[in-house]
Each structure stands twice: as structure tokens, then as C-alpha cells.
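Just below is one structure, and these are the notes that go with it.
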Amino acid sequence: MPGVTKNQSLLFLLLFTSFVFLNFVNNVNGGITSKYVRKEWPSVDIPLDNEVFKTPDGHNAPQQVHITQGDYDGTAVIISWVTPDEPAPSKVQYGTSAGHYKFTAEGKMTNYSFYEYKSGYIHHVLVDGLEYDTKYYYKIGSGDVAREFWFQTPPSVGPDVPYTFGIIGDLGQTYNSLSTLEHYMESGAQAVLFLGDLSYADRYKYNDVGIRWDSWGRFVERSTAYQPWMWNVGNHEVEYMPYMNEVVPFKNYLYRYSTPYLASQSSSPLWYAVRRASAHIIVLSSYSPYVKYTPQYIWLKEELARVDREKTPWLIVLMHVPIYNSNEAHFMEGENESAPLYITVGDGGNQEGLAGSFRDPQPPYSAFREAAYGHATLEIKNRTHAFYHWNRNDDGNKVAADSFVLNNQYWSSKVNRRKLEKHHLRSVIGRIAEFEQVTSISGLVA
């Protein structure tokens, strides 16, 4: 278990059986609490005049650009951005050559207010019908303020398709956040599984809440404009603030960040599913009702029935509240009786600082835990094996602090079963051959 941030931890689940969890425990140094102690940088937000929040040059230039998967299987993206000063066309030009845009997609524009803050004009455009495993270039805006970016579509869905996901949670916009983001961008991962708690703008009041949502969008654009981030909400997106007459949960988040929930027959953008390469990814909302007969529960039951491990061997579930968490933060908020492999990641670098207080003694289900900032990657190799890497921000440097091999129990059991069947078939054939040989010899003797 890597470190988690104070006052919030996140959960990344690989839904296998307890057999795989036991294999995992037997193949790592289980029960370790890292002795690493970070020389903490101040857990304060970067000042707004810092260059990491720089606005693009030009009047009404598009900013806060981000993309996410736009359909169930990876042949679409949703491209979102903000024009800060005035309405503008919600149009994306795109193609497979830089500067040559054969296609155009149009979407919708919206804006909103939060207390007395007025948002810019927020654009969401679905770009669909894309080819798999193809680099696309796209342009938003027009004239002197047009901006150009690119993204790579995933390979087609299949059981042996390799793919690397980044895993980030509780990012915020501190200097520690910047270190995490820069280190992640060096990792070679192809898409981000984001576990909730984006901007931490809820730690501000009045108009500063909206302003800090804007600054965070510009802060992460260096990555989010070029590869999809699969979004999930945490408690810092709820933003229930009655003293400001703001009581609609997730208001800032829902206006700004789209998800492909309709593609997975979900009734809410807060929970949805996508398939990407060899993974089936399910995103759940810890802060929406999820008990039996609620819309999220009913949808999840139906979505689990749609999982096809023959096509997507790796089933990944993202949620914000941790299960089997041995840190004091959020301890026992979400226990259950089953035991797939749980990886808790909540250490992007936000204002709340490190959660260095762990339960003592370390529970038997806890294999490794560390209080540190950083990010993780999940490198899927094929249908049977994947590699998990935890990368610590060691006082500004990227350091590999933990890793292990995941053995996919579904396919491993099938391989073992096939070996047994093959061995059994050879034994049967051998016995038949012996019988035929004995029968033939007997006939000759007779």
C-alpha cells in the first residue's frame, strides 16, 4: 500500500479472487511499513501568478484543455476546453497529419455561476468514429488564438493487448502536485486513471473556489490535452457550501468534466464504464447512494454481467473511499468480506499534506504501506501478467519505491486447466495406444 494523503484516501481495485491476492502476498515482502521519511515541502498551493497557471496568449484563447474516452471501446474522445472572455464555436478540427484537418466535430457550450463567480464558456465536443491505434492532431479556437494538440487512440480491445495506465489521486495544485505531474509525464503511461479529488478548490471560499478550478485546469493541461484522463469524484468535489447558498453537489465538477456514461447505459456521469485495450474499467461514486436497489447499485450489477474476461481479462474498479485501509485516514470506512487485490493511492500532493499515521500493528491483509507523494503505473503485458509500479517523489526526484507482478487468476486458472486437460488427454491417448498394442499382440499370438 503506498502513501495516502491526510483526510482522504483513494481506492484502486483489481477485482480478482482471493487466490490472486494470496499469490500477491506470497510474492512480495508482505507486512512492510516503509521507513521513508520525506523532507516535506510546504503543502500550500502554488501562487496564482506562477507560470504553471499561465493563460494562453491572445483574447479568448482556449484554455484548460482536457480529453477523456468518449465511448465504450475507445474509438471516441470527448475534448473539453474553456474560452474565458466570450462565447466561441464549440468546434474541433482534426486529422491524422499535423496542420491538415480533414474532419470537423461540433459540440455544446455552457457556463454557470458559483456564488458570485461566473465561469468562462465551457465547451464539450464528442469526436467519434476514430481508428484504433492512430495518432490524431486537433485544433480548437480560430485565428491567432487557435491552439493545436494531439492524442493517440488505444489499440482495439483484445485479451493480449499491452497497455500502460497511470494512477493518480488527490492531486491538488501545490509544488508537490507539480512534482507528481512532471514525474508522471516521464513515465510513458498512455492514459490516466484518476481517483478523485482534483483541484481542492473547496478549501477556498466565495469567488476563489471557481478561480482555483480554473487554475487547476490550466495546471494539468500539459498532460490532459494529450492523453485521456478517466475521471472519478472524491469528497473534495462535493462542495456543499450552504453559507454561500451553494448546495448542489458536484456542481463545479459536473459542468467542467465530461464522462462517457451514456455509452455504458449509466444514468449518471458520476458512475460509468469503459473498455480500453485489455482492460474493463468501472468507475464508481463513493459519495452517491450505492446500497441495494439504488440506481448505482442496479447499474453496477448489470455492468458486471457485461464483463467478458475472454476479451478484457483485466477488470479494474475505481472508487474513492478505501477498503482494507490501514491508515488512520478513512480507517474502516468501506470494509467488506471479499478479498480481491486493493491498491490505495491518494498522494498526488494536495494541501492536506501526508497521512503518516498508520494503524499499529499492521493488519495481516496489508502488504506494503508508505506515506509519500507520487504516482503509480499499471503496465499490462498480456492476458496473464501485469506489472504495478509505485513511484515516489523523493524530495523532488522520481524514485521507484514498490513494485510487484500481477498474475491474472482467471486466465491462469484457464491455462492450468488446459494443461491438466492436455495432460489428461495425453494419458487417455497413451492408455488407448497401450490397449490397442496389447490387443494387437494378443491377436497375433492367437
Side-chain angles (χ1 to χ4, degrees), residues 48-49 52-70 76-94 101 103-128 136-151 173 194 198-202 204 206-229 231 233 237 239 241 244-246 248-262 269-270:
L48 289 173
D49 60 358
V52 299
F53 301 131
K54 185 179 184 297
T55 58
D57 294 333
H59 175 73
N60 210 39
Q63 60 172 261
Q64 305 176 49
V65 184
H66 55 274
I67 67 175
T68 193
Q69 185 162 319
V77 295
I78 300 171
I79 301 177
S80 304
W81 70 94
V82 175
T83 49
D85 305 310
E86 60 189 42
S90 298
K91 183 172 70 174
V92 174
Q93 296 174 274
Y94 65 101
Y101 306 106
F103 311 105
T104 300
E106 296 186 358
K108 61 181 182 179
M109 180 184 69
T110 187
N111 66 340
Y112 72 99
S113 61
F114 195 84
Y115 186 62
E116 296 179 355
Y117 163 85
K118 305 293 184 183
S119 77
Y121 296 89
I122 303 166
H123 306 262
H124 300 292
V125 178
L126 175 67
V127 178
D128 58 5
Y136 284 92
Y137 300 85
Y138 69 98
K139 182 172 76 170
I140 55 177
S142 59
D144 294 338
V145 297
R147 302 183 68 197
E148 299 174 289
F149 306 92
W150 56 265
F151 62 86
Q173 42 194 308
F194 194 85
L198 286 72
S199 68
Y200 283 77
D202 67 332
Y204 292 83
Y206 307 114
N207 291 348
D208 286 340
V209 177
I211 290 171
R212 276 297 180 173
W213 273 103
D214 287 330
S215 63
W216 194 82
R218 295 192 297 271
F219 174 66
V220 296
E221 182 190 85
R222 69 198 69 201
S223 175
T224 60
Y226 297 95
Q227 60 175 226
W229 285 39
W231 302 109
V233 293
E237 279 70 66
E239 295 182 322
M241 300 177 172
M244 294 164 48
N245 292 322
E246 291 294 346
V248 177
F250 309 108
K251 184 177 179 179
N252 284 292
Y253 170 85
L254 289 173
Y255 270 99
R256 293 167 182 268
Y257 294 91
S258 289
T259 64
Y261 70 102
L262 293 176
L270 300 178

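Heavy-atom basis, side chains included; hydrogens, waters and symmetry copies ignored.
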field: Contact summary for Val209 and Glu239, nearest pair of heavy atoms
entry: CG1-OE2, 3.6 Å
task: Quick one: closest heavy-atom pair of Lys251 and Phe114, and the distance?
output: CD-CD1, 3.9 Å
Check whether any side-chain heavy atom of [X] lies under 4.5 Å from a side-chain heavy atom of [Y], and answer yes or no.
{"X": "Gln64", "Y": "Ile122", "result": "no"}
{"X": "Gln63", "Y": "Phe53", "result": "no"}
{"X": "Ile211", "Y": "Tyr204", "result": "no"}
{"X": "Trp213", "Y": "Tyr117", "result": "no"}
{"X": "Ile140", "Y": "His123", "result": "no"}
{"X": "Ser80", "Y": "His66", "result": "yes"}
{"X": "Glu116", "Y": "Tyr206", "result": "no"}
{"X": "Trp81", "Y": "Val125", "result": "yes"}

query: Which residues pass the side-chain contact (heavy atoms from CB on, under 4.5 Å) test with Val77, sequence neighbours left out?
result: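 Applying side-chain contact (heavy atoms from CB on, under 4.5 Å) to Val77 gives Ile79, Val127, Leu130, Phe151.
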message: Suppose we screen for side-chain contact (heavy atoms from CB on, under 4.5 Å). Which residues come up paired with Ser113, at least two apart in sequence or across chains?
response: Lys118
More than 12 heavy atoms of other groups within 6.0 Å of Asp144 CG: no
- prompt: Between Thr224 and Phe194, does a side-chain contact (heavy atoms from CB on, under 4.5 Å) hold up when you go through it step by step?
  reply: CA-CA 11 Å; Thr224 60; Phe194 194 85; over 6 Å; no
task: Output, in order, the C-alpha distance, side-chain angles, deciding distance and verdict of side-chain contact (heavy atoms from CB on, under 4.5 Å) for Trp229 and Gln227.
output: CA-CA 7 Å; Trp229 285 39; Gln227 60 175 226; 4.3 Å; yes
- prompt: In terms of ring plane angle, is the pair Tyr255 and Tyr112 parallel, tilted or perpendicular, where the classes change at 30° and 60°?
  reply: parallel
- prompt: Would Gln173 and Val52 satisfy side-chain contact (heavy atoms from CB on, under 4.5 Å), going step by step from the backbone distance to the final call?
  reply: CA-CA 10 Å; Gln173 42 194 308; Val52 299; over 6 Å; no
field: Pairing of Asp57 and Arg147 as salt bridge, 4.0 angstrom limit
entry: no
